[in-house]
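Each remark here refers to the structure printed beneath this line.
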Amino acid sequence: MGTAEWRDAPEESVAGRSAARRGAEAPDRDIRARGRARESAREQQQYYRPLWVEEPARRHPLPDPVRTAAVRALLIIAVTLIQAMVAFLCTLAESWLAFPMVISSVASTVVATWAVVDVWVTRQVWNQRYGVVSEPSSTARALRRERRARRREERAALREQDRIRRRGGTGQLSHP
């Protein structure tokens, strides 16, 4: 099965595809079967199996501003954790550096919280500005479908009544 065929059939699992490929191909490259010790280079290429297979992404990647904010937040959080660890170790060692490190860790925690909020706000702003695809729940979709069907029936009934009135009542079994 080629790469193009895999892209056409994303519902298959990776394990199922690799099992199907193993059945169609020779055993692992590392294990040589008896009698095949002298395979030609061409036959070896035929049984070549790549190390990994790229799968199509299930979700879209983050937009650039959101990714930038997320990377910034991650770096700030990493620095905060390092500062907290250094402050803890300085406290255990009873170093003079313990107090300044604790103060900077507290300040860095505030900045890290702000950075995480920045990621959230940036994501919300991007979704509002560039439009997020709305995927209503199945119940909301079903209710909307029922409402549309009811309106369609009402319009059809009104059209039928108008058609009957225009023809002067002919075709009716009884008049009101």
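Nothing here was measured: the structure is a model prediction, and the numbers come from that model. What's counted below: heavy atoms across the whole structure, side chains too, no hydrogens, waters or symmetry copies.
Note: Thr109 OG1 to Ile76 CD1 = 11.5 Å, rounded to the nearest 0.5 Å. Note that OG1 of Thr113 is 12.5 Å distant from CG of Asp118, once rounded to the nearest 0.5 Å. Taking CD1 of Ile77 as the start and CD1 of Ile82 as the end, the distance is 12.5 Å to the nearest 0.5 Å. Summarising the geometry, atom CG belonging to Leu143 is positioned 11.0 Å from atom CZ belonging to Arg148; distances are rounded to the nearest 0.5 Å. Between the CG atom of Asp64 and the OG1 atom of Thr122 there is a distance of 12.5 Å, given to the nearest 0.5 Å. If you take SG on Cys90 and CH2 on Trp96, they are separated by 9.0 Å, rounding to the nearest 0.5 Å.
Each of Thr68, Leu75, Leu74 was compared with Val71 under the side chain to side chain contact (heavy atoms under 4.5 Å, CB included) criterion, and only Leu75 meets it.
Residues Val125 and Trp120 fall within the same hydrophobic cluster, defined by Ile, Leu, Val, Met, Phe, Trp and Tyr side chains chained together at heavy-atom separations under 4.5 Å.
In this structure a side-chain-to-backbone donor-acceptor pair under 3.5 Å is present from Ser105 to Gln83. Using a distance-only test at 3.5 Å, with no hydrogens or angles considered, no donor-acceptor pair links the side chain of Arg123 to the main chain of Val66.
Two residues are said to be in side-chain contact when any heavy atoms from C-beta on lie closer than 4.5 Å; Arg72 and Val119 fail this criterion. Side-chain contact between Val79 and Val111 is absent, with no heavy atoms from C-beta onward closer than 4.5 Å.
Taking a cutoff of 4.0 Å between a charged side-chain nitrogen and a carboxylate oxygen, Glu160 and Arg163 qualify as a salt bridge. Taking 4.0 Å as the cut-off between side-chain N and carboxylate O, Arg159 and Asp162 do not count as a salt-bridged pair.
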